[in-house]
Amino acid sequence: RKIRRALGPLRDLDVMCAHLTSFESSAQSARAAGWLGGELHKKRKGLRQKVTRKLTQADPLRDLKKWIDIEADIEKSIDAARVLIAKRATQDFQSFSHCADLVAEHSDAAGDEIHALRINAKKLRYRLELAEAAGYPLAAKTLSTFKQLQDTLGQWHDYVVLSEQALQCAIDAELAANDTELYEQVLRLAEQSADRASRHLAHFREISGSFGDGHSHIPDAVRRADVN
């Protein structure tokens, strides 16, 4: 978790820079994309220096050693862990289903509701992968479906953050006063990015369908283990 929190913002900046390349081919947004890319790279450089000071190489190695120390205890608890994974998978299905239905049925769903859905989708996908590793047979379509849903929501989030960063960088650089033409192009890029986010959300609604009571897609083996 410590590594994820430290490196997560760096990953977000890398993703934004990668998405910017798709704007560079347009004459209307090329200059704005180039400028914004430069601003994001400056942020990344400063953040990387901060992370390097905060997270030494010994930190992750020390954390990994903790897992080695408790490996024997994990082996003894594997049966209880399998039951717990099944129970949590059922709960995660219910949480995801509730959030998915809210977003799918309401076109004006708030950003925090969509964000909650994205987090629930991520938790559910990882829980299903754990269930499979614990010996519960899963249909290939089950994991692939949730991967597709999670990826679609991830794309929504990426373009929302890119749109926000474009606006924030323009404000920080006082482009409205210093370079009106570039400012207008950055605003247009932010608008285009927000539009892409909306399209990814619409795609999620198309592929999600209805998840009913939250149990209809739970593999039978997992559901039986939860009941038992």
Side-chain angles (χ1 to χ4, degrees), residues 1-24 26 29 32-33 35-44 46-48 50-51 92-129 142-172 186-211 214 217:
R1 181 178 296 180
K2 182 178 180 181
I3 296 174
R4 185 180 73 245
R5 287 178 177 174
L7 299 182
L10 280 174
R11 180 264 178 195
D12 290 342
L13 286 169
D14 287 339
V15 170
M16 283 187 278
C17 289
H19 284 314
L20 276 177
T21 60
S22 64
F23 292 95
E24 294 174 351
S26 170
S29 57
W35 176 83
L36 182 56
E39 295 300 302
L40 294 180
H41 278 296
K42 290 177 187 177
K43 287 190 176 186
R44 189 187 188 284
L47 185 58
R48 183 176 180 181
K50 182 179 178 180
V51 169
D92 288 343
F93 261 104
Q94 292 172 329
S95 297
F96 174 79
S97 298
H98 176 70
C99 292
D101 287 342
L102 283 177
V103 172
E105 295 171 4
H106 300 88
S107 58
D108 58 345
D112 56 348
E113 294 175 336
I114 304 172
H115 181 69
L117 172 60
R118 188 174 69 90
I119 298 303
N120 277 299
K122 184 182 297 185
K123 287 174 58 178
L124 178 55
R125 177 187 168 190
Y126 294 157
R127 193 82 69 186
L128 288 175
E129 290 176 347
T142 300
L143 285 178
S144 63
T145 297
F146 284 100
K147 183 179 185 302
Q148 184 181 15
L149 292 172
Q150 184 187 344
D151 289 346
T152 301
L153 291 171
Q155 290 286 314
W156 165 82
H157 178 260
D158 291 345
Y159 280 109
V160 165
V161 174
L162 178 58
S163 181
E164 293 173 345
Q165 280 292 318
L167 295 175
Q168 189 60 56
C169 286
I171 293 172
D172 292 342
V186 172
L187 291 183
R188 189 155 48 243
L189 187 152
E191 183 179 5
Q192 292 171 345
S193 183
D195 182 62
R196 292 186 185 187
S198 296
R199 291 203 298 269
H200 282 295
L201 186 58
H203 181 55
F204 167 81
R205 291 191 174 102
E206 290 176 1
I207 62 178
S208 64
S210 174
F211 286 85
H217 291 263

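When reading the values below, keep in mind they use all heavy atoms of this one structure, side chains included, and skip hydrogens, waters and symmetry mates.
- Residue Asp92 is tested with Arg125, Arg127, Lys122 for a salt bridge (charged side-chain N to carboxylate O under 4.0 Å, His left out); the sole match is Arg127.
- The two residues Lys43 and Leu13 make their nearest non-hydrogen contact at C-CD1, 4.1 Å.
- Annotation: the span from Leu201 atom CG to Leu153 atom CG amounts to 7.5 Å, rounded to 0.5 Å.
- Rounding to the nearest 0.5 Å places CG of Leu117 at 10.5 Å from CD of Gln150.
- For the pair Asn120 (side chain) and Ala116 (backbone), a donor-acceptor distance under 3.5 Å is present.
- Considering every non-hydrogen atom in both Ser163 and Ala194, the closest pair reads OG-CB, 3.9 Å.
- Ring-plane geometry between Tyr159 and His200 is classed as parallel, the angle between the planes falling under 30 degrees on a 0 to 90 degree scale with a further cut at 60.
- Taken to the nearest 0.5 Å, the CZ atom of Phe204 stands 9.5 Å off from the CD1 atom of Ile114.
- Counting heavy atoms from C-beta on, the side chains of Ser95 and Lys123 never come closer than 4.5 Å.
- Remark: side-chain polar atoms of Thr21 are not paired, donor with acceptor, to backbone N or O of Cys17 under 3.5 angstrom.
- Annotation for Glu129: atom CD counts as buried by contact number, over 12 foreign heavy atoms lying within 6.0 Å.
- Residue pairs satisfying the salt bridge (charged side-chain N to carboxylate O under 4.0 Å, His left out) criterion with at least one member in residues 147-172, sequence neighbours excluded, are listed as follows: Arg11-Asp158, Lys147-Asp151.
- One distance of note links CG of Leu40 with CH2 of Trp35; it measures 8.5 Å at 0.5 Å rounding.
- Atoms CZ and NE2, from Arg196 and His19 in turn, are 9.0 Å apart once rounded to the nearest 0.5 Å.
- Atoms CG and CD, on Leu20 and Glu39 in that order, are 11.5 Å from each other to the nearest 0.5 Å.
- Side-chain atoms of Phe23 and Leu36, non-hydrogen and from C-beta on, never get closer than 4.5 Å to each other.
- Atom CZ of Arg48 has 12 or fewer neighbouring heavy atoms from other residues, nucleotides or ligands inside a 6.0 Å radius.
- The heavy-atom pair separating Leu162 from Met16 by the smallest distance is CA-SD, 3.9 Å.
- Applying the side chain to side chain donor-acceptor pair (under 3.5 Å) rule to Arg188 yields no partners; only residues at least two apart in sequence or on another chain are considered.
- Distance alone, capped at 3.5 Å, places no donor-acceptor pair between the Ser193 side chain and the Leu189 backbone.
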